[in-house]
Amino acid sequence: MAKETIPPIQNLRFKAGDLIFKEGDYGTTIYKIAKGRANVIGQRGDREINLASLGPGDVFGETVFLSSGLEPRSSSVRALEDTEVESWHLARMKKQYEELPPVLRGMLDQSLRRLLRMIKIRSRYLVEQKAAQKQGLSEPWASKRRFFRKEIDQECQYRPVDPKPGVPLLVGHIKDMSMGGFGIEIDARNTINFSHVPGDEFSLKTVLPNGNEVSLRIKIISIKKDVGAGRLFMGTAITDISLDDRKNLGFYLMY
Amino acid sequence: MALEELLSVYIANEESHPDNSVLMEEGATGAWVYVILEGEARVTKKAPKGTVTVDTLKPGDFYGEMSFLEQGDSIRAASVIAKGPVRVGLLDNQRLMNDYNTLSPEFRLLVSTLIGKLRRVTEEVSELATETRQ
């Protein structure tokens, strides 16, 4: 690659009320306020809301460092009074990142990976929250299935929804999990005394790999018989889950 | 791996801890950085309505690095709890400082801004994850 010239650090002046950058624009600059004040502004419909107030020494536009400038600005920044900023070109910061001493770079990389993951989880939560507000909390499991599916091997206990006295807990192994339902492998002997056909409902309890216990109700959607000697595989859908357990499951499935 | 070899030069001391030991406590002050050498640990964060696991650390992963990278008030953002027995290495702070001192002022400011953002977003996510009622 040809040697790039890195733009120097520049001082820029903005008048009170000027936009320094606009939500939706692409940029390759990170800024530091040298003098003055500015507001971070989000557009909500045709209304502007103030998300943060910035003063001397504050850095903004830093998200371009995470996205390498490939994503548009997520908010606008407007000078609140006559303001002087230092502009740092992304290439300058990337070069310094490339030249970091290795152990520091390892530490920073770990933090950046976590930051990206947390931003992703947050936006999923916010999307989920919005969808839940729109549709009420009960239905939209099926539509979410493929987004959250995770392969695991976790023991679970289950039993028919209306247990007759003396019905023992049955044991199965959850092979995959999603917000929509579980894939569960069971011993074929479980079906000798209890019906296991599509449509049957069970109460199920398991401990997630992160240590949280969840209880919920499932319904058999499909049964596969050829998964190994004496084993069956049930595809199930979640039909009832408390809000607490739903959050626990959701959080586990999100990373 | 190259980083692991390099890391060994930075390790000032090694410690072993049994399962469930609190290796670092959220809210405590401290500036030391550790690296997991053997075993795993959970990173947990308190929210108003409960505690959530936000990460799992494996050998080669650091903890305490946020306080160091911020070079600020050094409040621990999360707790780290051993998941089974672990062996950890304490990093030589002087060596890390020598490295840190090679950074330009603007890069230091960028790093502390990003770490500040990580603290805030992690807090929001923990709240969203534990928010159960309403």
Side-chain angles (χ1 to χ4, degrees), chain A residues 9 30 32 52 57-63 65-66 86-88 90 92-97 99-126 128-129 208-212 242-248 250-252 254-255, chain B residues 2-4 6-7 9-10 33 35 42-44 49-50 52-57 60-66 68-70 83 91-92 95-96 98-100 102-107 109-134:
Chain A
I9 294 178
I30 297 163
K32 184 188 93 172
D58 286 337
V59 172
F60 61 95
E62 76 285 353
T63 315
F65 185 78
L66 295 172
E86 248 181 40
S87 77
W88 308 335
L90 176 61
R92 167 177 297 273
M93 306 319 270
K94 284 284 179 194
K95 179 164 183 288
Q96 295 186 32
Y97 167 79
E99 292 168 356
L100 277 179
V103 174
L104 273 195
R105 166 121 174 221
M107 287 166 52
L108 182 59
D109 280 346
Q110 186 183 320
S111 295
L112 295 180
R113 274 197 306 274
R114 190 182 293 159
L115 176 55
L116 287 170
R117 212 185 66 227
M118 288 294 150
I119 289 173
K120 218 159 133 187
I121 294 175
R122 179 179 63 178
S123 57
R124 279 186 191 168
Y125 265 123
L126 296 177
E128 215 192 328
Q129 217 175 40
L208 299 174
N210 65 15
N212 290 325
S242 74
L243 203 49
D244 277 5
D245 286 344
R246 179 173 165 270
K247 296 274 182 192
N248 275 332
F251 194 75
Y252 168 65
M254 274 179 197
Y255 73 97
Chain B
L3 183 59
E4 276 161 35
L6 235 161
L7 258 174
V9 181
Y10 282 72
V33 183
V35 62
R42 285 185 295 133
V43 181
T44 68
K49 289 178 183 165
V52 286
T53 299
V54 294
D55 208 350
T56 300
L57 303 178
D61 288 340
F62 301 96
Y63 60 93
E65 80 291 349
M66 287 167 65
F68 179 83
L69 291 172
E70 254 182 341
K83 202 174 152 187
L91 301 190
D92 181 341
R95 227 177 242 275
L96 288 179
N98 291 345
D99 282 352
Y100 186 82
T102 65
L103 307 187
S104 69
E106 62 270 16
F107 199 81
L109 205 49
L110 173 64
V111 167
S112 68
T113 302
L114 290 166
I115 299 294
K117 189 171 189 137
L118 174 56
R119 281 181 192 265
R120 277 197 313 281
V121 179
T122 307
E123 236 156 67
E124 280 178 55
V125 164
S126 309
E127 270 173 43
L128 285 165
T130 54
E131 212 171 68
T132 49
R133 290 168 239 304
Q134 87 205 207

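Below, chain A is the first sequence line, B the second, and so on; all start at residue 1.
For A:Gln110, the part sitting under 4.5 Å from any heavy atom of chain B is the side chain, from C-beta outward, and nothing else. Using a 4.5 Å cut-off between heavy atoms, B:Phe107 touches chain A through backbone and side chain atoms alike. Using a 4.5 Å cut-off between heavy atoms, B:Val33 touches chain A through its side chain atoms alone. Of the two parts of B:Leu114, the backbone and the side chain both hold a non-hydrogen atom closer than 4.5 Å to a non-hydrogen atom of chain A. Of the atoms belonging to B:Thr102, it is side-chain heavy atoms, and not backbone ones, that fall under 4.5 Å from chain A. Contact annotation for A:Ile30: only side-chain heavy atoms (C-beta onward) come within less than 4.5 Å of a heavy atom of chain B. Heavy atoms closer than 4.5 Å to chain A are found in both the backbone and the side chain of B:Thr122. Heavy-atom distances place no part of B:Val35 under 4.5 Å from chain A, backbone and side chain included. Heavy atoms of A:Arg105 lying under 4.5 Å from chain B are absent altogether.
Side-chain contact between B:Arg95 and B:Val9 is present, with heavy atoms from C-beta onward closer than 4.5 Å. Using a 4.5 Å heavy-atom threshold, the side chains of A:Tyr97 and B:Leu110 count as separate. At a threshold of 4.5 Å between non-hydrogen side-chain atoms, the residues B:Lys49 and A:Lys247 do not count as touching. A:Phe251 is not listed as a side-chain neighbour of B:Thr130, based on a closest heavy-atom distance of 4.5 Å or more. For the pair A:Leu108 and B:Phe62, the minimum side-chain heavy-atom distance is 4.5 Å or more.
B:Glu123 meets the side-chain contact (heavy atoms from CB on, under 4.5 Å) test with B:Lys45; sequence neighbours excluded. Applying the side-chain contact (heavy atoms from CB on, under 4.5 Å) rule to A:Leu116 yields the partners A:Leu66; only residues at least two apart in sequence or on another chain are considered.
Across every non-hydrogen atom of A:Ser111 and B:Leu118, the tightest pair is O-CD2, 3.7 Å.
Listed options B:Val43, B:Asp99, B:Leu91, B:Leu103 were ranked by heavy-atom pairs under 4.5 angstrom with chain A; first place goes to B:Asp99. Considering only heavy-atom pairs separated by less than 4.5 Å from chain A, the leading option among B:Glu124, B:Glu106, B:Lys117 is B:Glu106.
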